[in-house]
Amino acid sequence: MTLFSTVGLFIALSLLIALVLGFITIMPWLRASRATDKPVDNQLLDINIAVFRARLAELKIDKDAGTIDDSHYQSQKLELERQLLDAQRVVTPMIAPGIKSRLIIVVWVPVLAAMAYLMVGDRTPVFELWAAEDKVGQVADDLLAGRIDQPPAWAIEDGQQLISAMQTNVYRHADDYNRWMRLSELFLSLEATDSALEALSRAYRLAPDNEEIATTYAQISFFANKGQLDANSRRVLEGVLAKNPQHEGAQMLMAMGEARSSNFDQAQGWITRLRASISAKPGDHTQALASLDELSANVSAQQQQASEGIDVTITINTSLLPLVKADDVLFVAIRDVKGGPPFAAKRLPISVIKQGEVNISLSDLDAMMPTRTLKSARADKVQLAVIARISHSGNAVAESGDLSGNPVVISAEQNQVNVDINQQVP
């Protein structure tokens, strides 16, 4: 089908619907005109007759009961019959519509419908989507269904068309987790990580028992969060390991995530489990075991650096807690009291704060530059200060409305400090 055939089909169906509705509207007029040349509305007359009959019945009952005499009964009966005759002489003729009125309805209903459709908004994206469907719709379906691995050269001349067709196809088959998985691969090839994660989350919800999908989802989320295991990624990995305790990919991600979160003992525990799992398999695994030894040494080095850091306890004043929002960001840094870039800094989600308090460790692992570290600052006897701020915008530079505390100056030997967030940036 071409673009014009698709548009033509849409217009034809729209006109057909409009004509059917118009015919339904004027059908009573056509039926009334065939019934009689001078149609009469007898509804009011029927009501009058029913009322007069009821009144005559009441008079008869009164006469039989002796409430009224015979002469009074006859006079009232004659009066009611005269009123009924007068009502029969008054009729309301119906005015049947002419051919011009009928043509106006038949013509203007589809015209107004088409004008409303075209004037509501810009239809260009719709027409472009139809064009993409006509050109590469089948290619998109073949890719997502796994019938082909690579699209033909002509189908990727306009990459946006293929992407649009694949997205539309996936939503038409929203319960097919394989299509969501392949769509995520497309987004990853385009470095659209957020879109890839959304597609992977859909695939995981549809097939939570699929280890490949679960591990891929956790892995992409892990690297998208700069090596941090968030609550969702950790839950996914724990689910994989609960069903398959020897899953090497999940164990490696857990080891890397725990090390990044400064949970060094837990990281070493995962490395030990992974080493045992690899060693138990037949074959030569010298290279894999050497990589694990290197990872274990790096974790030990990080643990040593972290032990030389500074523990910061941050407390939010209770009067400021109502101003904290769910999407705020916590910034903690150690810098020279004279200014300049921080020697160590962390940017954390506000969810790390529980009941208005959080404990954070800052060390050379959090250095902004390799040559500007806490160890070098202390060796040079630099006067250091710890600052903490809650940002509503997520920017590293303080803005009006942010919540902050006064900088706390620490000595060269001090390894623990308390910071109270007790003011709002004007």
Side-chain angles (χ1 to χ4, degrees), residues 170 177-278 288 291-292 294-296 298-299 302-303 306 325-332 345-354 358-361 363 365-366 394:
V170 167
Y177 64 86
N178 283 316
R179 292 178 188 261
W180 285 108
M181 187 69 176
R182 294 189 177 95
L183 181 64
S184 72
E185 295 172 355
L186 169 66
F187 286 133
L188 287 175
S189 67
L190 299 173
E191 297 184 357
T193 307
D194 291 340
S195 298
L197 278 174
E198 176 61 27
L200 280 169
S201 68
R202 297 287 189 98
Y204 175 72
R205 289 198 294 270
L206 291 170
D209 296 329
N210 189 304
E211 289 186 359
E212 179 186 1
I213 293 177
T215 307
T216 303
Y217 178 34
Q219 180 180 358
I220 300 303
S221 179
F222 173 79
F223 290 112
N225 290 327
K226 300 179 180 180
Q228 293 281 357
L229 273 181
D230 58 16
N232 187 53
S233 301
R234 187 180 294 275
R235 177 181 58 80
V236 172
L237 290 175
E238 289 174 349
V240 173
L241 290 168
K243 297 171 184 174
N244 183 7
Q246 305 303 318
H247 195 288
E248 296 178 3
Q251 290 183 51
M252 178 61 77
L253 285 174
M254 290 295 290
M256 296 170 62
E258 296 292 11
R260 189 67 177 84
S261 301
S262 299
N263 300 322
F264 303 109
D265 292 338
Q266 291 88 333
Q268 292 287 16
W270 285 112
I271 293 174
T272 301
R273 289 179 58 180
L274 186 55
R275 169 182 283 278
S277 177
I278 294 176
S291 298
L292 287 179
E294 183 179 354
L295 177 59
S296 178
N298 288 334
V299 172
Q302 293 177 19
Q303 188 171 12
K325 302 176 182 177
D327 55 352
D328 287 350
V329 175
L330 174 64
F331 287 97
V332 188
K346 278 187 175 180
R347 182 184 187 275
L348 302 168
I350 199 66
S351 57
V352 300
I353 298 178
K354 306 298 183 183
V358 63
N359 294 314
I360 298 171
S361 177
S363 65
L365 295 174
D366 307 302

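- Taking all atoms of both residues into account, the shortest heavy-atom contact from A259 to F264 is O-CE2, 3.7 Å.
- At a threshold of 4.5 Å between non-hydrogen side-chain atoms, the residues L330 and I360 count as touching.
- Annotation: side chain of K243 is in contact with side chain of D209 (closest heavy-atom distance under 4.5 Å).
- One distance of note links CZ of R179 with CG of L206; it measures 12.5 Å at 0.5 Å rounding.
- In terms of heavy-atom proximity, T193 sits nearest to A224 at CG2-CB, 3.8 Å.
- Taking OG1 of T216 as the reference point, atom CD of E211 lies at 11.0 Å (rounded to 0.5 Å).
- For the 3.5 Å distance criterion, the side chains of Y217 and N232 qualify, holding a donor opposite an acceptor.
- Between the side chain of Q268 and the backbone N or O of S296 there is at least one donor-acceptor pair closer than 3.5 Å.
- Here M256 contributes atom CE and N298 contributes atom CG; the two are 10.5 Å apart, rounded to the nearest 0.5 Å.
- A heavy-atom distance below 4.5 Å is found between the side chains of R273 and P245.
- Closest approach of V329 to R347, counting heavy atoms only: CG1-CG, 3.4 Å.
- For the pair L241 and Q246, the minimum side-chain heavy-atom distance is 4.5 Å or more.
- Under the 3.5 Å distance criterion, the side-chain polar atoms of N225 are left unmatched by any main-chain donor or acceptor of F222.
- Here the side chain of K346 pairs a donor or acceptor atom with the backbone of S361 at under 3.5 angstrom.
- Under the 3.5 Å distance criterion, the side-chain polar atoms of S184 are matched with a main-chain donor or acceptor of M181.
- Checked by atom type and distance alone, the side chain of T215 never pairs as donor or acceptor with a backbone atom of E212 at under 3.5 Å.
- Separating the CG atom in D328 from the OG atom in S351 is a distance of 11.0 Å, to the nearest 0.5 Å.
- For the pair I350/D327, no side-chain contact is recorded, criterion being any heavy-atom separation below 4.5 Å from C-beta on.
- Distance CD1/I271 to CD/E294: 11.0 Å, rounded to 0.5 Å.
- For the pair V240 and A250, the tightest heavy-atom approach, listed with the atom from each and the gap, is CG1-CB, 4.1 Å.
- Remark: the Q251 side chain and the S277 side chain contain no N/O donor-acceptor pair separated by less than 3.5 Å.
- The pair R234-E258 meets the salt-bridge criterion, with a side-chain N (NZ, NE, NH1 or NH2) lying under 4.0 Å from an Asp/Glu carboxylate O.
- Side-chain N or O atoms of N210 include none that pairs as donor or acceptor with a backbone N or O of A207 at under 3.5 Å.
- What you find for R205 and P208 is that their closest heavy atoms are O-CD, 3.7 Å.
- A donor-acceptor pair under 3.5 Å links the side-chain atoms of S261 to the main chain of G257, judged by distance alone.
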Query raised in the report: Please walk me through it: do W180 and L200 pass side-chain contact (heavy atoms from CB on, under 4.5 Å)?
Result: CA-CA 7 Å; W180 285 108; L200 280 169; over 6 Å; no

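- Of all the heavy atoms in L365 and Q302, the pair that sits closest is CD1-O, 3.5 Å.
- Rounding to the nearest 0.5 Å places CG of L229 at 9.0 Å from CD of E238.
- Contact check for V236 versus Y204: side-chain heavy atoms found under the 4.5 Å cut-off.
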